[in-house]
There are 2 protein chains.
Amino acid sequence: MESTLQTIIFIAPICAVLFAIYLTKSILKHSEGSDKMKEIAGAIQQGAKAFLHTEYMMLSVFALVVGAAIFVFIDGSQLLFVKTETGGSGGTALSFFLGAFTSALAGYIGMWIATRSAVRTTEAAKENLSPALRIAFQSGTVLGLLVVGLGLAGVSILYYFFESPTPIFGFSFGASAIALFARVGGGIFTKAADVGADLVGKVEQGIPEDDPRNPAVIADNVGDNVGDVAGMGADLYESYVGSIIAAIALAATTTFVGETAVLAAMLPIAIAAIGIIASIIGTFFVNTNDETKLNWALLKGLLISTVLLILGSVWLVHATGVQVEGKHQYGVLIAIVAGSSLGVIIGLITEWYTSDHKRHARWIAEQSKTGPATNIIAGISVGLESTALPLLCVVAAIFITHEFAGLYGIAIGAVGMLATLGISLGVDAYGPVADNAGGIAEMSECPPEVRERTDKLDAAGNTTAAIGKGFAIGSAALTSLALFATYAQTLQARGIPFDGLDILEVNVMIGLFLGGIVTYMFGAMTMKAVGRSANHMVNEVRRQFKEIPGLMDGTGKPDYAQCVTIATKGALREMIFPGLLAVAAPITVGCLLGFEALGGMLAGALLSGVLLAIFMANAGGAWDNAKKYIEGGAHGGKGTETHKAAVVGDTVGDPFKDTSGPSMNILLKLMCTVSLVFIPLIAQFV
Amino acid sequence: MESTLQTIIFIAPICAVLFAIYLTKSILKHSEGSDKMKEIAGAIQQGAKAFLHTEYMMLSVFALVVGAAIFVFIDGSQLLFVKTETGGSGGTALSFFLGAFTSALAGYIGMWIATRSAVRTTEAAKENLSPALRIAFQSGTVLGLLVVGLGLAGVSILYYFFESPTPIFGFSFGASAIALFARVGGGIFTKAADVGADLVGKVEQGIPEDDPRNPAVIADNVGDNVGDVAGMGADLYESYVGSIIAAIALAATTTFVGETAVLAAMLPIAIAAIGIIASIIGTFFVNTNDETKLNWALLKGLLISTVLLILGSVWLVHATGVQVEGKHQYGVLIAIVAGSSLGVIIGLITEWYTSDHKRHARWIAEQSKTGPATNIIAGISVGLESTALPLLCVVAAIFITHEFAGLYGIAIGAVGMLATLGISLGVDAYGPVADNAGGIAEMSECPPEVRERTDKLDAAGNTTAAIGKGFAIGSAALTSLALFATYAQTLQARGIPFDGLDILEVNVMIGLFLGGIVTYMFGAMTMKAVGRSANHMVNEVRRQFKEIPGLMDGTGKPDYAQCVTIATKGALREMIFPGLLAVAAPITVGCLLGFEALGGMLAGALLSGVLLAIFMANAGGAWDNAKKYIEGGAHGGKGTETHKAAVVGDTVGDPFKDTSGPSMNILLKLMCTVSLVFIPLIAQFV
């Protein structure tokens, strides 16, 4: 059995990468269209490249410092203090670098292909809907497959090499570090560019959205990729590897029926491998020419992959016979099914709360009739309320997975949820490509039917984006929970004195509060960061409109690159403090107050962070769609006071849903991985 | 020593009540002014009475049902299932009724005197500032002294009678039930009336604030009393008795040095008694004719009382020799000092985050220059950020009180914080009286210097209100924590199988999430309730302006009573579901998932609820003062777009700071007391 699993695990990532290469080649075969289109697409590509180069430069320094710290404090101390651990010197640091590098690589290639696919999607949309859909979706799939391929390859190679989960925590930490840069920095970048483009271009100068005269327009389009391609990809990469590593680690501390402990540790990797195959097969079903069935085409692929994954899991669990001691024979299978259902259900609930076809967003639109204040109050109410159902689903998933397979089950549930990431991320990352395609159509003055077609693709992308956001939060919650359980189990397994996490112990209670404080501080910091960064952008765009002669009548050329540089610098500068908070808080609390307080802190951050993340993402999404609903003609449509009120909500919602909310996902996981990695360092203090 | 304490405990509440009667008489001696003033004040008094009568009718039914349920399920089952407990049959139900009755009585008299003092304050303001200040402050002090007098008398009589803390939990629950009605219902009442008066009167009809032609103007003035007198009073009454009862209960489960267990149980009552005397002495120092020193006059009284309390505590702790086993000799004293400092410090932090003299509110005003969206984002950022310092203080207080006196120390710290409530509530409840006095001056067309004087009183009231809100949240947090510890200790003391609250246990983790969900749902419900209730009010005010002939030119008379009725009905209808949630959620979770999940739920609600409460109260306060800062002339003052943007923030902040935020205080404590009281019922299910 072991060798069968090894074969599957060996083949799947290779398939993923090969299929991604095949998709890339087939995308690049398509025409880039007119010179004007090439020029615009080129500017976006340049901007994206400029951002990534600056980011990766900064990142390399960060990674070197952190990697060195890990090498000195962790790998060194593991040799000295926890001699029983395998994978001693250099293991964690090496894993850290590999995790950071693979995540960055996946993000880079994902951005590279996304910025190249957008213009080809526009060109294809001149012909018909179906080829345009295919290019945009294939571009997303390249990212999805790279994420799962590189992630799985990395984890399995390291696990094969070290034969212990401990050094692999570094891999997860590396992925988290990149995710922090990509998600937080990306979120700040995209909103600063967005606000700059809208406020000066649309409001002050009165030129339409995506007008090439607007100096921030390229930065705005780059921002979509930075936030929704690289950011989302890194976020889910982190969840993906985090859940697998947590499952491997928990397999080591769980008692199984029969001689299946080794198989139990391989199982999460095998499930992920099956998920890759299932995802690849699923992509072939995403295809339609019927514009009313765009959503269905995307969902169809996802559903087929999920069914295939479950079938594969039935075989896997049956063949390996992995069963947690004292739990049901097919308990592990039930955990997988519960996890993979959870992702879909949370996605659907998110859509219900945010879609402009559903009652919540429409109620917000209704409340906009009495002005911006009632619009804001309505959005906040909807956001607060919308936390209940998704979290009840998380609670149900925790209950079921644990009931049937213990703590191991929770991690396996998370793996089940994320196993089809190859296609679900593809569905997700399709959105910004469609969005960019629309922007390019506008800027290159394509015929109106092209823009209409890309708008339809974009609208379908909005729905899938809502589902994707819910999925990202749900997976972050479940992964954090699995990592949190891993933290406690690891302490016990290493024989570190650890009293458990009884809330009645004052240290745990204090940790709980500190965790809550960190999430609120992080939320405040990221909200303020967007404001400051947007201010710089607004000033730069104003300056260009004032100083560049002939900009408005089209004889002068705006300096797109300068706007990209400002957004980049702003994003990277503004993410330092939230980033430091996320990394330093757990280490400080651990060293000063001990492992119990740190555990309490992780739990407090998990609770408060998940609530805030759902609240912010859904309030933001609902405000956005309330505005779109009015723009579609409801309550008098554009230009009315009602619409103005809805725009206020949308603007407030932007940093909610695109910066602070998604960043919270990273915070939760990052705090857990930091705690895991730095256990040996903290152990020297307490 | 015991008899000395008994004497102090016996005398102090009597002093409080006698002094309150003396203050009431001296207030009533003052003139009510002109017939016009009497008429307006009479309408407010009528409105307040009408609200309270309707509320108390509904409340009686509620109290009878709950009391009967307690009698059947708790008092009955205590006899049957926990035979070792003293104070069996009828004890808890009786305590419940007494707690509810005394809280209602304090609120009723407090409202009665507040609505009678306002008009006398106006009349006194014709003469000078000092007599006006004295009347308004004395009115607040009547409420403060009744709260501490009735609260302490109730707890000590019951404890003397039952000799066990268990049935007295019912007293705390009774107080909580009234607090729920007063705080949640009152919060909905006051904001619905406020919005109705402002939106139709000020905006649609263009008449000034407090114009007697506005049908909602009386309801608006009644609302100030309902929310800030009765609501705040009931909130703090609950904290006051809750902290004392928790300390008594924890004394029973703590090991003390020497034979001091009995004294340790009496100590919280004795501290509260000393606090009453200290408060009464402090009131004599609140006096000034210098308008620049109004704040200082109020704070002076508070500080002197605090110093006296600490001196009294030094003697108490020294004389009783109460010392927790393994802790410092004067540990209990240190806990008292830590608790009483915490209240002041959190108050000052709240003021720093919300005052229009400080940078946060001014930054929000600055951000209003770019419109309502940036105003909202700024307010939310400030609110999120403002949670950190107060909670760090709470964490520090937990750490210190526990370090020096264990869990008992946490409860004693809460008692220390609340012991000077007689005067601190007086300082707080002075605000709405000054506010109403201004309204009456406006409506009765007093000379402008009268309004100027009442405005100065009102401005000082705003500062103390900010401090009071911080104090209310801080005390709710510490009291909930003490009650939470009591919950766990009580389970262990009664020999109920209870595994502790290890977060790694799935049930505890699930409870943690459920607790978080409850707070967000509760927030959403109360926000929406204000919206719905305000809608009804707006319609009624519009109807009156349309249907009553001659209303605008002063020949027709508005139907004030109808507006009060609508606000009352709205408030009471809308509070049913949040109230049910608060009571039913802990019982349901306890019965279905057991004591561990319920404990997790309490902790989750505590964490998430305190964060939300501080966030909402401070964001709301900061928005309010940002608007006031602009109205004072900054950034162009009234009538500018900046001012309009700030008004949006203020309107959003209203339900934040006056309804949802303060209601969260009640939710936290109520969930704890419900859990404590229903332990015997839940024990039958698990």
Side-chain angles (χ1 to χ4, degrees), chain A residues 199 367 370-374 376-378 380-385 387-388 391-392 394-395 398-399 402-403 407 410 481 485 488 500-504 506 508-510 512-517 520-521 523-525 527-528 530-531 599-600 603-604 607-608 610-611 615 647-649 651-652 655, chain B residues 199 367 370-374 376-378 380-385 387-388 391-392 394-395 398-399 402-403 407 410 481 485 488 500-504 506 508-510 512-517 520-521 523-525 527-528 530-531 599-600 603-604 607-608 610-611 615 647-649 651-652 655:
Chain A
L199 202 68
Q367 292 291 310
T370 36
T374 40
I376 297 292
I377 292 178
I380 290 176
S381 313
V382 167
L384 289 172
E385 190 186 309
T387 56
L391 269 186
L392 284 175
V394 169
V395 164
I398 298 173
F399 184 80
H402 182 269
E403 186 69 21
L407 290 177
I410 294 179
L481 206 67
L501 294 176
D502 195 323
I503 310 176
L504 297 163
V506 163
V508 177
M509 177 55 93
I510 286 176
L512 213 58
F513 276 108
L514 293 176
I517 293 171
Y520 273 64
M521 279 303 290
M525 281 171 156
M527 295 277 290
K528 284 191 171 178
V530 172
L607 171 66
S608 164
V610 171
L611 283 163
F615 161 59
V647 168
V648 172
T651 312
V652 173
Chain B
L199 203 67
Q367 291 292 310
T370 37
T374 39
I376 297 292
I377 292 177
I380 291 176
S381 313
V382 167
L384 289 172
E385 190 186 309
T387 57
L391 270 184
L392 284 175
V394 170
V395 164
I398 298 173
F399 184 81
H402 183 269
E403 184 70 22
L407 290 178
I410 294 179
L481 206 68
L501 294 176
D502 195 323
I503 310 175
L504 297 163
V506 162
V508 177
M509 177 55 94
I510 286 176
L512 214 58
F513 276 108
L514 292 176
I517 293 172
Y520 273 64
M521 279 302 290
M525 280 172 158
M527 295 276 291
K528 285 192 170 177
V530 172
L607 171 65
S608 163
V610 171
L611 283 163
F615 161 59
V647 168
V648 172
T651 312
V652 173

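Below, each value reflects all heavy atoms present in this structure, side chains not excepted, and no hydrogens, waters or symmetry copies. The sequence lines fix the lettering, A, B, ..., with proteins before strands; numbering per chain opens at 1.
Between A/L512 and B/A603, the closest heavy-atom pair is CD2-CB, 4.3 Å. Counting all heavy atoms, side chain and backbone alike, A/L504 lies closest to B/A488 at CD1-CB, 3.2 Å. Between B/F513 and A/L607, the shortest heavy-atom contact is CA-CD1, 3.8 Å. The minimum heavy-atom distance between B/P372 and A/V648, with the atom names listed, is CG-CG2, 3.6 Å.
Of the listed residues B/M525, B/M509, B/Q367, the one with more heavy-atom pairs under 4.5 angstrom with chain A than any other is B/M509. Contacts with chain A were tallied for B/I380, B/I410, B/V647; B/I380 has the most, counting heavy-atom pairs under 4.5 Å. Of the listed residues (B/L501, B/I517, B/T651), the greatest number of heavy-atom pairs within a distance under 4.5 Å of chain A belongs to B/L501.
Remark: A/L391 CG to B/M521 CE distance equals 12.0 Å, nearest 0.5 Å. Rounding to the nearest 0.5 angstrom, the gap separating the CG atom in B/L611 from the OH atom in A/Y520 is 4.5 Å.
Inter-residue side-chain proximity for A/I377 and B/V530 is flagged as unmet; no heavy-atom pair is nearer than 4.5 Å.
For a residue to count as touching a neighbouring chain, one of its non-hydrogen atoms must lie under 4.5 Å from one of that chain's; by this rule B/L392 touches chain A with backbone and side chain alike. The contact between B/V508 and chain A is made entirely by side chain atoms (from C-beta outward), counting heavy-atom distances below 4.5 Å.
B/S381 pairs by the side chain to side chain donor-acceptor pair (under 3.5 Å) definition with nothing, not counting sequence neighbours.
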